[in-house]
Amino acid sequence: MNVVTSIPTDITPEGTDYDTVCRVIEMLTEDYRDQPSLEKIAGRLGQSPTQLQKTFTRWAGLSPKAFLQAVTLDHAKRLLRQEDMPLLETSFEVGLSGPGRLHDLFVTHEAMSPGEWKARGAGLTVRYGFHPSPFGTALVMITERGLAGLAFADVGQERASFDDMAHRWPNANYVEDSAATARYAARIFNPERWCAEEPLRIFLIGSDFQVRVWQALLNIPLGKATSYSKIADEIGQPTASRAVGAAVGRNPISFVVPCHRALGKSGDLTGYHWGLTRKRAILGWEAGKA
DNA sequence: CACACCGCTCCCT
DNA sequence: AGGGAGCGGTGTG
């Protein structure tokens with residue numbers, strides 16, 4: 001791997017909307033037993049309920065109350081119960097990932113060949129950059145064949161996020177190019193720029209099994225969710241739900257490949273590579289877009 | 001080959 | 001609610 005000279009720190013200003021949302025989520029999950037009221041939460045943040053309302057509206061077009069509802073276990077269970085989940089398109093052909101995604105980010109996907117996968121990124125040039133997002137700092141990685149990586153970093157953890165990603169394709173050549181990646185970030189996190197006519201090109205770098213799991217994730221519409229066991233069914237390996245979980249956890253293109261829409265069968269969130277709080281935030285944000 | 005490690009699930013207190 | 005067993009893919013040696 002090339003030596004990396006440019007890892008910015010602390011590019012996201014403190015006191016952002018996401019920061020506030022995170023703290024609300026954390027308060028709520030800490031003492032979920034005695035559900036603190038909105039007034040109490042606002043008070044603990046040193047804000048008025050009205051201010052909190054404004055923050056959520058700016059962030060996701062959602063009231064705090066609607067957001068809280070969207071991230072409860074009950075709501076997750078309802079998401080899992082729905083029957084209209086599209087079936088997985090089993091072919092590896094390039095094409096739209098699924099029908100009927102009116103408000104969702106459209107993508108076309110291309111997967112690495114098994115030979116390329118074994119090379120662990122040899123001969124691949126990856127350009128990367130850090131950008132602010134509704135969910136904290138995002139690390140965007142692109143190749144000539146499309147978007148290959150999207151990671152998140154907590155404040156001051158930019159280097160750790162980069163290492164996490166770079167170790168996945170250790171033989172690739174990494175070049176800082178935030179001018180190029182900024183265009184991707186701007187589009188990915190702005191729903192007004194999601195359109196079917198010009199789908200976002202993504203490049204799935206993973207094993208055969210992993211790519212099949214990630215393709216299944218692409219079929220989950222915005223505002224919905226599925227379970228690890230359902231994904232296992234869809235890819236034709238109904239007893240492999242645990243392996244599915246591991247593969248979901250290795251998804252290199254967070255958010256765009258919606259691994260946050262995979263939940264435990266009971267509706268538990270069970271895990272997220274970039275932190276459970278972030279998974280809740282993304283699901284809540286999407287509830288405001290669905 | 002043999003492990004150990006995982007964003008799982010099910011069954012049993 | 002929490003523990004244990006069995007599950008399949010992957011990385012390491």
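We use all heavy atoms of the structure for the numbers below, so side chains are in, but hydrogens, waters and symmetry mates are not. Chain letters run A, B, ... following the sequence lines, proteins first, then strands; residues in each count from 1. For clarity, every value in this text was computed on a predicted model and none was experimentally measured.
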Whole Å only: how far is the [atom1] atom of [X] from the [atom2] atom of [N]?
X: Ile231(A); N: dC8(B); atom1: CD1; atom2: P; answer: 12 Å
X: Arg212(A); N: dG8(C); atom1: CZ; atom2: P; answer: 14 Å
X: His273(A); N: dC5(B); atom1: NE2; atom2: P; answer: 18 Å
X: Arg168(A); N: dT12(C); atom1: CZ; atom2: P; answer: 13 Å
X: Ile235(A); N: dC7(C); atom1: CD1; atom2: P; answer: 18 Å
X: Asp164(A); N: dG7(B); atom1: CG; atom2: P; answer: 11 Å
X: Leu283(A); N: dG7(B); atom1: CG; atom2: P; answer: 17 Å
X: Asn251(A); N: dG9(C); atom1: CG; atom2: C1'; answer: 16 Å

When you measure from the side-chain N and O atoms of [X] to the phosphate of [N], is any distance below 4.0 Å, counting only OP1 and OP2?
X: Lys265(A); N: dC10(B); answer: yes
X: Ser229(A); N: dT9(B); answer: yes
X: Gln237(A); N: dC7(C); answer: no

Under 4.0 Å, heavy atoms only, any strand: does Ala243(A) hit a base, just the sugar-phosphate, or nothing?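 Answer is base: heavy atoms of Ala243(A) come under 4.0 Å of a base.
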
Mind checking Ala262(A) for me? I need base, sugar-phosphate or nothing, with any heavy atom below 4.0 Å counting as a touch.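 Base contact.
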
Note: Arg23(A)-Asp19(A) ion pair, threshold 4.0 Å (strictly below):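 Judged by the 4.0 Å cut-off on N to carboxylate O distance, Arg23(A) and Asp19(A) do form a salt bridge.
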
Electrostatic pair Arg187(A)-Glu192(A), nearest N-O below 4.0 angstrom: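 No, Arg187(A) and Glu192(A) are not salt-bridged.
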
Counting side-chain heavy atoms from C-beta on, which of [options] comes nearest to [X]?
X: Ser241(A); options: dG7(B), dC8(B), dG11(C); answer: dC8(B)
X: Tyr228(A); options: dG8(C), dC8(B), dC10(B); answer: dC8(B)
X: Thr239(A); options: dG9(C), dT9(B), dC7(C); answer: dC7(C)

What pairs of residues pass the salt bridge (Lys or Arg N to Asp or Glu O under 4.0 Å) test when at least one of them lies in residues 269-286 of chain A, not counting sequence neighbours?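 Applying salt bridge (Lys or Arg N to Asp or Glu O under 4.0 Å) to every pair that reaches into residues 269-286 of chain A, excluding sequence neighbours, yields Asp154(A)-Arg278(A), Arg261(A)-Glu286(A).
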
Spacing of CD1 belonging to Ile231(A) relative to CZ belonging to Arg212(A), to within rounding of 0.5 Å: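 The CZ atom of Arg212(A) is 12.5 Å from CD1 of Ile231(A), to the nearest 0.5 Å.
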
Could you say whether Ala246(A) or Trp117(A) is positioned toward the 5' end of DNA chain C, judged by the nucleotide with the nearest heavy atom to each?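 Residue closer to the 5' terminus by nearest nucleotide: Ala246(A).
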
Cation-pi check, Arg120(A) to Trp117(A): give yes when NZ or CZ is under 6.0 Å from the six-membered ring centre and within 45° of the ring axis, no otherwise.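 That pair qualifies as a cation-pi contact.
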
Using only heavy-atom distances, decide whether a donor-acceptor pair under 3.5 angstrom links the side-chain of Tyr272(A) to the base of dG7(B).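 No pair found.
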
Is there a donor N/O on one and an acceptor N/O on the other, under 3.5 Å, for the side chain of Arg242(A) and the base of dG9(C)?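 Such a pair does not exist between side chain and base.
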
G-U wobble or Watson-Crick pairing nucleotide for dC11(B) (cut-off 3.5 Å, both distances):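 WC or wobble partner is dG3(C).
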
